[in-house]
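The structure appears right after this line, and notes come after that.
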Amino acid sequence: MAATVDFPVVCERITDMLDIRSLRQDLDATVAALASRGFELDRERFESLEARRKALQVRTQELQNERNTRSKGIGQAKARGEDIEPLKAEVGRLGDELKQCEADLHAVQQELDALLMRIPNLPQKDVPVGKDEEANVELRREGTPREFDFTPRDHVDLGLPGGWLDFEAAVRVAGSRFVVMRGDMARLHRALTQFMLDLHTQQHGYQETYVPYLANPESLEGTGQLPKFDEDLFSVDCDQRFRLIPTAEVTLTNLVREQILEAGALPLKMTAHTPCFRSEAGSYGRDVRGLIRQHQFEKVELVQVVHPEQSDAALEELLGHAEAVLQALELPYRVVLLSTGDMGFAAARTYDLEVWLPGQQAYREISSCSNFEAFQARRMQARFRPEAGSKPELVHTINGSGVAVGRALVALLENHQQADGSIAIPERLRPYLGGTSLLKPPSEQ
RNA sequence: GGAGGGGUGGCAGAGUGGUUGAAUGCACCGGUCUUGAAAACCGGCAGGGAUUCACGUCCCUCGUGGGUUCAAAUCCCACCCCCUCCGCCA
């Protein structure tokens, strides 16, 4: 099976990840902004491709115009009963040059598109500049890490007794970086999911949505996973087109792909609970212990499709929605503004929520909330009509985890553990566990 | 999996080689009328791109990609998707 797939160009010239006009008109500033996030744009290559594209496009359109005009003339001459053979011969010669021009133009545009599709989004002006997570800025801490009067265990030690968590079984049925959960652990995992969905749909105004767990390349291209990051994804063997979704962001956000929404439909607020599949290529040796980094995990995702002027405010709002989950679960966390070097490919601004893990004595990412501005919208051709009758404009897209279920489970176990290995259930979660306030490992029941 | 039918503008729906980027209806926008609204009438109304200070001019798009032709929504090929019937199936 071919490792590469031809990515269809939705519409000539507009699938670029960045607005190509900003590249043409303000190349210096764009190059500088990209450099701030560690991306070196080959500007000579871009400029030469652009120059060739322009010359070829102008020439091609001239020739097309001439062909169209003459063909119409032939039609009219024929209608008058005149001899059209000489006319035909003349246009025929024109057609040869046209064909060559069209082919050349097509090739140049393919090359240009391939280049453009691999350029990341521009960071917002106030995003801290840096090459990696070292440059991230901690904005605030919420909640206080608990003082233990015993040595807190990590979630693996807490989960192993009685088979709550079974990594060996998972290796047997699948491989490393998978887990099997049993009994109350599986139930707690489900309870967390249900709680999060209810919170977002009932308190935060999101519409619960069920989406496919397999996505086509066009969708993955739309949200920015392709063409650059195919190695991070699982492909389905029997059908070259499908990838397993690495996040519900893909299928949720792409619901508006190639749509023109009425302004009144915005903002669109959607939430979905899905499994997420990641190959974790290149993360060998990192977080090999426990649930932190798995090939398959569950997430409740929040997505908003908004008016461009609203996206900054929407991101703050969405961040609050993710925080509400941690607050309800009585988990200490901090809010981090990612630096240019640590942000994802498609993001213009990202906040991470990092939850305190007593087992690691560290804050670990449990949610990532980003504003993509028009980046994904441009790739998806997702637009809205500002006013009835006006030209469509690109929407802005926002998303965030609300929150990663597996990691929430980890945080819950480690933060609410008791000296005897049992787990205290926060008030807000108890209704989802039949009122239970304490979970005891099976071996001690 | 087998047999058949079909993909046209926001929607519905004409259109089988030539001035059709596309009739007509609905929706929508502007106007006339009305105390106001409705109705009626008049006008406008696809998306994208190139070029231009601008007006404008031009190009592309009728599921997608190729092909035939001076000329393709219309003919040919491949693929994708949808519908109906049969089979199978959670």
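Protein chains get the first letters and strands the later ones, always in sequence-line order, with residue 1 at the start of each.
With both ends at atom P, the span from B/rC26 to B/rU16 equals 24 Å, rounded to whole Å. On the C1' atoms, B/rA78 is 24 Å away from B/rA71, given to the nearest whole Å. Comparing the same atom, C1', in B/rU52 and in B/rG56 gives a spacing of 8 Å after rounding to whole Å. With both ends at atom P, the span from B/rG13 to B/rG17 equals 23 Å, rounded to whole Å. Nucleotides B/rG63 and B/rG6 place their P atoms 14 Å apart, quoted to the nearest Å. Here, B/rG1 and B/rC76 have their C1' atoms 28 Å apart, quoted to the whole Å. Annotation: B/rU8 and B/rG2 have their C1' atoms spaced 30 Å apart (nearest Å). Here the separation of B/rG10 from B/rU68, taken at their P atoms, is 31 Å to the nearest Å.
Atom CG of residue A/Leu197 and atom CD of residue A/Glu208 lie 5.0 Å apart, to the nearest 0.5 angstrom.
Distances were taken from every side-chain heavy atom of A/Arg67 (C-beta onward) to each of B/rU68, B/rC70, B/rG48; the shortest belongs to B/rC70. The nucleotide whose nearest atom lies closest to any side-chain atom of A/Asn65 is, among B/rC59, B/rC60, B/rG47, B/rC59. Comparing B/rC60, B/rA71, B/rG47 by their closest approach to the side chain of A/Ser71 singles out B/rA71. With B/rG49, B/rU19, B/rU51 as the candidates, the nucleotide lying closest to the side chain of A/Gln57 is B/rG49.
Using a 4.0 Å heavy-atom cutoff across all strands shown, A/Ile74 reaches at least one base atom of the nucleic acid. Within the nucleic acid shown, A/Glu62 has no heavy atom closer than 4.0 Å to any nucleic acid atom.
In this structure, CG of A/Leu394 is placed 14 Å from C1' of B/rG49, rounded to the nearest angstrom. Atom pair A/Leu112:CG and B/rG49:P shows a separation of 14 Å (rounding to whole Å applied). Atom CD of A/Glu262 and atom C1' of B/rA46 are 13 Å apart (whole Å). Spacing between atom CG of A/Asn216 and atom C1' of B/rC79 amounts to 15 Å, rounded to whole angstrom units. Taking atom CZ of A/Phe384 as the reference point, atom C1' of B/rG47 lies 16 Å away to the nearest angstrom. B/rC59 atom C1' lies 11 Å from atom CG of A/Leu105, rounded to whole Å. Rounded to whole Å, atom P of B/rC70 lies 14 Å from atom CG of A/Asp83. Taking atom CZ on A/Arg59 and atom P on B/rG49, their separation rounds to 24 Å, with Å as the unit.
For A/His204 (side chain) and A/Tyr206 (main-chain N/O), no donor-acceptor pair under 3.5 Å exists by modelled atom type.
Checked against side-chain hydrogen bond (donor to acceptor under 3.5 Å, both in side chains), A/Asp157 has the following partners two or more places apart in sequence or in another chain: A/Arg289.
The shortest distance between the side-chain N/O atoms of A/Asn68 and the OP1/OP2 oxygens of B/rC59 is below 4.0 Å. Neither OP1 nor OP2 of B/rU19 sits under 4.0 Å from any side-chain N or O of A/Lys78. Taking only side-chain nitrogens and oxygens, A/Lys54 comes nearer than 4.0 Å to OP1 or OP2 of B/rU51. Residue A/Arg385 places at least one side-chain N or O under 4.0 Å from the OP1 or OP2 atom of B/rG47.
A 3.5 Å limit on both hydrogen-bonding distances identifies B/rU64 as the Watson-Crick or G-U partner of B/rA78. B/rC28 and B/rG44 make up a base pair, with Watson-Crick or G-U wobble contacts both under 3.5 Å. Checking B/rU20 for Watson-Crick or G-U wobble geometry (two distances, each under 3.5 Å) identifies no partner in any strand. In this structure, B/rC85 forms a base pair with B/rG2, meeting either the Watson-Crick or the G-U wobble geometry with both donor-acceptor distances under 3.5 Å.
The minimum heavy-atom distance between A/Leu429 and A/Leu188, with the atom names listed, is CD2-CD1, 3.8 Å. Nearest heavy atoms, A/Ser279 versus A/Leu233: OG-N, 4.0 Å. The minimum heavy-atom distance linking A/Val403 with A/Met196 is given by the pair N-SD, 3.3 Å.
Between the side chain of A/Gln381 and the base of B/rG47, no donor-acceptor pair under 3.5 Å is found.
Taking the side chain as every heavy atom from C-beta outward, A/Pro128 and A/Leu337 approach each other to under 4.5 Å.
The nearest heavy atom of RNA chain B to A/Ile260 and to A/Gly75 marks one nucleotide each, and the one closer to the 5' end goes with A/Gly75. Along RNA chain B, the nucleotide nearest to A/Gln61 and the one nearest to A/Lys88 differ in position, and the one closer to the 5' end is contacted by A/Gln61.
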